[in-house]
*Asks:* 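Once you've had a glance at the structure underneath, I'll fire off some questions.
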Amino acid sequence: MKMKLKLSDKWYQIRTKAEAGCLDIAAGMSLEPVSKKQKIRKAKKTVSTRSTASKVKTISRTRAS
Amino acid sequence: MSRSAVKILNLRANRLVTATLVSGVSIREAQIAQMHWSRALQKYLEAIPKEKWPEHGGWDWEAKHKKYGRLAAYRFYGVECANKMQGMLLLSTLLRTSRIDKKKQIVYGVYLASAPWNLRLLTDAPEYSLVGSVLVATAIQASHDEGCEGRISLHALEQSEGFYKSCGMKDLGVDEEHENRLKYFEMTTKAAKIFLTGK
């Protein structure tokens, strides 16, 4: 059975003191904007490295043959 | 969706005021909250140096609602006061295993944040306090409802680690598997009881 949240006056007093010095309260699974940008950057880097590497391989194979 | 009365501290009047705890925030409420929060944040960011910007400044609660709002295992909570959402919490009831007691299951706080005008990080004169504490208490209550005996867990942003320590949550160190290598915190049943009752 779901209970209703009940908080006493004393609880509010205690938490007021405890929260007084806190700058922020955020919690989260990820910092989305940063991680998305990083992902895009990483993806771009991977693509360019791969393409360069494959080009080098192709050139060296051509020369070898 | 349900609504119940809680209190938060109006810091400017220095008195407790009645707020509404919304269980099951609607997409419309999330949209309006996001609009208010974005506008306020923009104003604050213009006035403070970049190193003081909140780490969660880019969070989009409307997008989060679109992503998780229809999934039964996710619940949106909000604390509303003065016709504005003062804080929001997205809770996952997809049970995870506690890292402290591996035989026990735990409820996970996916996202939790307070409105920009309530953050000491952004302003010397925040409007309301206790929003975070009420949301943590809500998460503990939801944990009890799910049979997890008050156990909750989350990844705290660096600027917020002090707050979760003040709640009695245990710092289990940097989570190497976390995308942003944030610290992982857990609240045990005992700590949850102390947080809610003081005993």
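Order of the sequence lines sets the chain letters (A, B, ...), proteins ahead of strands, with each chain counted from 1.
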*Asks:* Can you tell me which of B:Leu9, B:Leu196, B:Leu154 forms the most heavy-atom pairs within a distance under 4.5 Å of chain A?
*Replies:*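 It is B:Leu196.
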*Asks:* Cation-pi between B:Lys84 and B:Trp117: NZ/CZ under 6.0 Å from ring centre and within 45° of the ring axis?
*Replies:*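 Here B:Lys84 passes the 6.0 Å and 45° test against B:Trp117.
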*Asks:* Under 4.5 Å heavy-atom distance to chain A, tell me which part of B:Leu16 shows up: side chain, backbone, both or neither.
*Replies:*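 Just the side chain, heavy atoms under 4.5 Å.
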*Asks:* Show me the side-chain donor-acceptor pairs of residues 184-194 of chain B shorter than 3.5 Å, one per line, residues at least two apart or across chains.
*Replies:*
| unit_1 | atom_1 | unit_2 | atom_2 | d |
| --- | --- | --- | --- | --- |
| B:Tyr184 | OH | B:Ser153 | OG | 3.4 |
| B:Tyr184 | OH | B:Glu186 | OE2 | 2.8 |
| B:Glu186 | OE1 | B:Ser98 | OG | 2.8 |
| B:Glu186 | OE2 | B:Arg99 | N | 2.5 |
| B:Thr188 | OG1 | B:Ala191 | N | 3.1 |
| B:Thr189 | OG1 | B:Glu149 | O | 3.0 |
| B:Thr189 | OG1 | B:Arg151 | NH1 | 3.1 |

*Asks:* Picking from B:Val131, B:Leu90, B:Val134, B:Leu21, which has the most non-hydrogen pairs under 4.5 angstrom with chain A?
*Replies:*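 Result: the option with the highest number of such pairs is B:Val134.
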*Asks:* Kindly write out the residues that satisfy salt bridge (Lys or Arg N to Asp or Glu O under 4.0 Å) with B:Arg12, not counting sequence neighbours, or none if the list is empty.
*Replies:*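 In terms of salt bridge (Lys or Arg N to Asp or Glu O under 4.0 Å), with neighbours along the sequence ignored, B:Arg12 is linked to B:Glu127.
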*Asks:* Most heavy-atom pairs under 4.5 angstrom with chain A, which of B:Ser129, B:Ser166, B:Ala137?
*Replies:*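 So the answer, after comparing B:Ser129, B:Ser166, B:Ala137, is B:Ser166.
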*Asks:* Between B:Asn180 and B:His155, is there a side-chain donor-acceptor contact under 3.5 Å, judged purely by atom types and distance?
*Replies:*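 Absent: no donor and acceptor within the cut-off.
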*Asks:* Any donor-acceptor pair under 3.5 Å linking the side-chain atoms of B:Ser133 with those of A:Glu19?
*Replies:*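 Yes, side-chain donor-acceptor contact under 3.5 Å.
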*Asks:* Of the backbone (N, CA, C, O) and the side chain (C-beta and beyond), which part of A:Ser8 lies under 4.5 Å from a heavy atom of chain B, both, or neither?
*Replies:*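 The answer is neither part of A:Ser8.
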*Asks:* Counting only non-hydrogen atoms closer than 4.5 Å, does B:Val136 touch chain A with its backbone (N, CA, C, O), its side chain (CB onward), both, or neither?
*Replies:*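 Answer is neither: B:Val136 stays 4.5 Å or more from chain A.
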